[in-house]
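Values in this document were obtained by computation on a predicted structure and should not be read as measured data.
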Amino acid sequence: MTNPQQTKSNADFDAVVIGAGFSGMYMLHSLRDKLDLNVTLFEAGNGVGGTWYWNRYPGARCDSDSYIYCYTFDKNLLQEWNWSERYPEQDEILRYLEHCAERFDLKPDIQFGKRVVATTFDDQTTLWTVRTDKGDMVTSRYVIAAVGSLSTANVPPFKGLGSFKGKWYHTSQWPHEGVDFTAKRVGVIGTGATAVQAIPEIAQQAKHLTVFQRTPNFCVPARNGKVDPEITKARKADYSGVRERIKNSFFGFELNFIPKSVLQTTPEEREKEFDRMWDDGGFSFWLANYQDMFFSKEANDIIADYLKRKIRATVNDPVVAEKLIPKTYPYGTKRQPLDTNYFETFNKKNVLLVDASTDGPIEEITPNGIRAGGKEYPLDIIVIATGFDALTGPLKNLGIKGRGGKALIDEWESGPQTYLGLSVVGFPNLFMITGPQSPSVLSNMPVSIEQHVEWITECIGYMHRHKLTTIEATPRAQEQWVTHVAEIAGATLMPQANSWYMGANISGKPRQFLPYLCPEGLGGYRKKCAEIAERGYEGFVFDGVNRTETTESRAAE
Ligand code: NAP
């Protein structure tokens, strides 16, 4: 414990953390137990878990391998926890996070059932005031938004939704008691990663399932199952190695691109590699494919063709198979869903696919079901799997007002602008964990979360040691970062998809690539952030003074 000098202010808290998912829990633990700060955490839910508290839809499980979808900062925790499967189910991850909350004694400092509605900076006192929907009002030196990247539900304004006589549910606001689909006619809207998990499960229980697809998805088998105990033993014995490898990897997995262009391979050679990745399951097909996949349309087409052939080979009805084959965007430019019997589900007699481009789009929700392409599909339950207002939505909901009363929502009207995805000009002492323009959703989240939490902890520790009151990104650093993030994305195929990465799923949202695809991968981004800190927090000003420029100009003198 470093126990730096506490902030000399009249604030109620040194830090307010918002959100008790993976990021907020570790942030609370770090600030309170490593820096000895006075911290409170507001959480809208009635328990810890974030994503894993809210997303309880059938089939919900993690798409990252369990041995790396966890905290790695505590060696003992890594040894004591045992995952039951390759990809843990939602309730198992929630049990894990509950265990962590108990283990690190976090709950006494978490205020559950309180949603932050206003977060205001006071230019005079340089403190933040945080207000909740339950009437709380506290002041704090620092605010850390640990609100997740995919936590603001997107419920499209379907005409007639209110008139529906049955029940409807958004997958991320699922009832804790579950939903019984027995003998019901169910409609699922959406075919993203969530729906791909839910559809096979619902089809097993429901009398009839109608899937309303707007854009088909390339899916790769998850290949879930028990992990060989010998593999688990070897991983546990080498967790420090695993930790180093994922920290310095491209996407936070033990995966690396094939260092070759697919265009330089023979059909036989690449087919063998594709088969290997397909058989491995998980993200290797997406994140460890030939290195030009995200850059060359010609290369991408070859890789996509393999997946299209798989769909044709799996789906019995060739007309349905064609509807399920993506044709309008390059492979990998939308988040890769992992599936367990997804395409096979469309061979079932009780499952019908309604495709927007061939059968007609959803026109309205009627009292009895959904009307699409001029036809009404009668339903008892509608499952809305339409995703999230990704990355910016959760931050905009915090009612953040910075210097001079400037609202974050206005500053970001034409798209988010951040420095490193951690900080925003005009919003001193406000940090975002896995914010827009950081690798965040392009990585195995716990790896990015740990990196941000540790960087923020170091930064606040540094401020305390140097008796500094405020930190804030400079306009120049932010501008350069925003340009850099856009340039990198522009050199890839990513902007060619109408994905949530591009903000394209939300009507009216500016079209802008939201996460940061670091050319040197997650390890490169980590290094960049560390070097910035080593250089005295280059691109930031403390108490209105640019210390790095002062140091540089002194050195020049
Ligand atoms: P999503 O990927 O945004 O998919 C939403 C689906 O709803 C898409 O098929 C979309 O079609 C459709 N849709 C949206 N608005 C619509 C409208 N107005 N009318 C008709 N269809 C509409 O959301 P998601 O499936 O919830 O997944 C979001 C992200 O959460 C994932 O990409 C992933 O990062 C994360 N996730 C992770 C896991 C995991 O690790 N286990 C599981 C689930 C989700 P378009 O494609 O045309 O927009």
| said: Checking D279 now: which residues fulfil side chain to side chain contact (heavy atoms under 4.5 Å, CB included) with it, not counting sequence neighbours? | reply: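 Here the qualifying residues are R223.
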| Does atom NZ of K327 have more than 12 heavy-atom neighbours from other groups under 6.0 Å away? | yes
Mind checking ring-ring contact (aromatic ring centres under 6.0 Å, His included) for [X] and listing every partner two or more places apart, or none if nothing turns up?
X    : value
Y329 : F218
Y169 : W174
W81  : W83, Y96, H99

When you measure from the side chain of [X] to the backbone N and O of [Y], does any donor-acceptor pair fall under 3.5 Å?
X    : Y    : answer
W286 : G332 : yes
T492 : F294 : no
D65  : Y67  : no
K134 : G113 : yes
N316 : N347 : no
N444 : G252 : yes
E89  : D91  : no
T171 : A385 : no
Q437 : T418 : yes
K236 : Q79  : yes

Do [Y] and [X] have ring centroids that are under 6.0 Å from one another?
X    : Y    : value
F251 : F253 : no
H452 : Y26  : no
F22  : Y69  : yes
Y306 : F285 : yes

| query | Can you name the one residue among D136, T132, D133, T40 that meets side-chain hydrogen bond (donor to acceptor under 3.5 Å, both in side chains) with K114? | reply | D136
If you look only at distance, which donor and acceptor atoms sit under 3.5 Å apart when one is on a side chain in residues 205-214 and the other is two or more places apart or in another chain?
| from | atom 1 | to | atom 2 | distance (Å) |
| --- | --- | --- | --- | --- |
| Q205 | OE1 | F181 | N | 2.6 |
| Q213 | NE2 | K323 | O | 2.8 |
| Q213 | NE2 | D355 | OD1 | 3.0 |

Side-chain heavy atoms of [X] within contact of [Y], under 4.5 Å:
X    : Y    : value
V424 : W412 : yes
M432 : L422 : no
D109 : R32  : yes
V383 : I189 : no
F346 : V351 : yes
T215 : P326 : no
V155 : L161 : yes
I506 : F388 : no

| message | Distance check, rounded to the nearest 0.5 Å: T191 atom OG1 versus L324 atom CG? | response | 8.5 Å
| Measuring from R56:CZ to E177:CD, what's the distance to the nearest 0.5 Å? |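 Result: 10.0 Å between the selected atoms.
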Salt bridge (Lys or Arg N to Asp or Glu O under 4.0 Å) pairs, two or more places apart, involving [range]:
range            : answer
residues 333-348 : D63-R335
residues 371-398 : R185-D380, E364-R371, D389-K509
residues 307-318 : E271-R309, D305-R309, R312-E322

| request: Return yes if a side-chain donor-acceptor contact under 3.5 Å exists between S172 and N55, otherwise no. | output: no
| Side-chain donor-acceptor pair present, S440, S448, cut-off under 3.5 Å | no
| task | Please step through salt bridge (charged side-chain N to carboxylate O under 4.0 Å, His left out) for the pair R61 and E92, ending with a clear verdict. | result | CA-CA 9 Å; R61 65 171 74 244; E92 188 171 355; over 6 Å; no
Show which side-chain atoms of residues 143-152 pair as donor or acceptor with protein atoms under 3.5 Å away, not counting sequence neighbours.
| from | atom 1 | to | atom 2 | distance (Å) |
| --- | --- | --- | --- | --- |
| S151 | OG | V147 | O | 2.6 |
| T152 | OG1 | N397 | ND2 | 3.4 |

Work out which heavy atom in [X] is nearest to a heavy atom in [Y]; give both atom names and the distance.
X    : Y    : answer
N217 : F343 : O-CZ, 3.8 Å
D180 : I381 : O-CD1, 3.9 Å
L338 : V196 : O-CG1, 3.7 Å
G21  : Y71  : O-OH, 4.0 Å
A288 : L255 : CB-CB, 4.0 Å
P439 : L522 : CB-CD1, 3.4 Å

| field | Partner set under salt bridge (charged side-chain N to carboxylate O under 4.0 Å, His left out) for D74, not counting sequence neighbours | value | R103
| query | salt bridge (charged side-chain N to carboxylate O under 4.0 Å, His left out) with E450: which residues, sequence neighbours excluded? | reply |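 Counting only residues at least two positions away or on another chain, E450 forms a salt bridge (charged side-chain N to carboxylate O under 4.0 Å, His left out) with R243.
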| message | In terms of relative ring orientation, are H176 and Y53 parallel, tilted or perpendicular, with 30° and 60° separating the classes? | response | perpendicular
| query | So which of T333, L391, V441 actually passes side chain to side chain contact (heavy atoms under 4.5 Å, CB included) with Y501? | reply |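 With Y501 as partner, T333, L391, V441 yield a single side chain to side chain contact (heavy atoms under 4.5 Å, CB included), made by V441.
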| task | Identify the residue among V17, V48, V39 that makes a side chain to side chain contact (heavy atoms under 4.5 Å, CB included) with I110. | result | V48
| remark: Residue set satisfying side chain to side chain donor-acceptor pair (under 3.5 Å) with Q336, at least two apart, ordered chain then number -> Y331
| request: Begin from the C-alpha positions of L493 and N300 and carry the test side-chain contact (heavy atoms from CB on, under 4.5 Å) through to its verdict. | output: CA-CA 9 Å; L493 301 174; N300 192 287; 3.6 Å; yes
| request: Start with the C-alpha distance between F73 and H29, add both sets of side-chain angles, then the distance that settles ring pair (Phe, Tyr, Trp, His ring centres under 6.0 Å), and finish with yes or no. | output: CA-CA 11 Å; F73 66 84; H29 171 56; 5.4 Å; yes
| message | Looking at E98 and K107, is there a salt bridge between them, counting it only when a charged N and a carboxylate O are closer than 4.0 Å? | response | yes
| Quick one: does NZ or CZ of R511 land under 6.0 Å from the six-membered ring centre of F513, within 45 degrees of the ring axis? | no
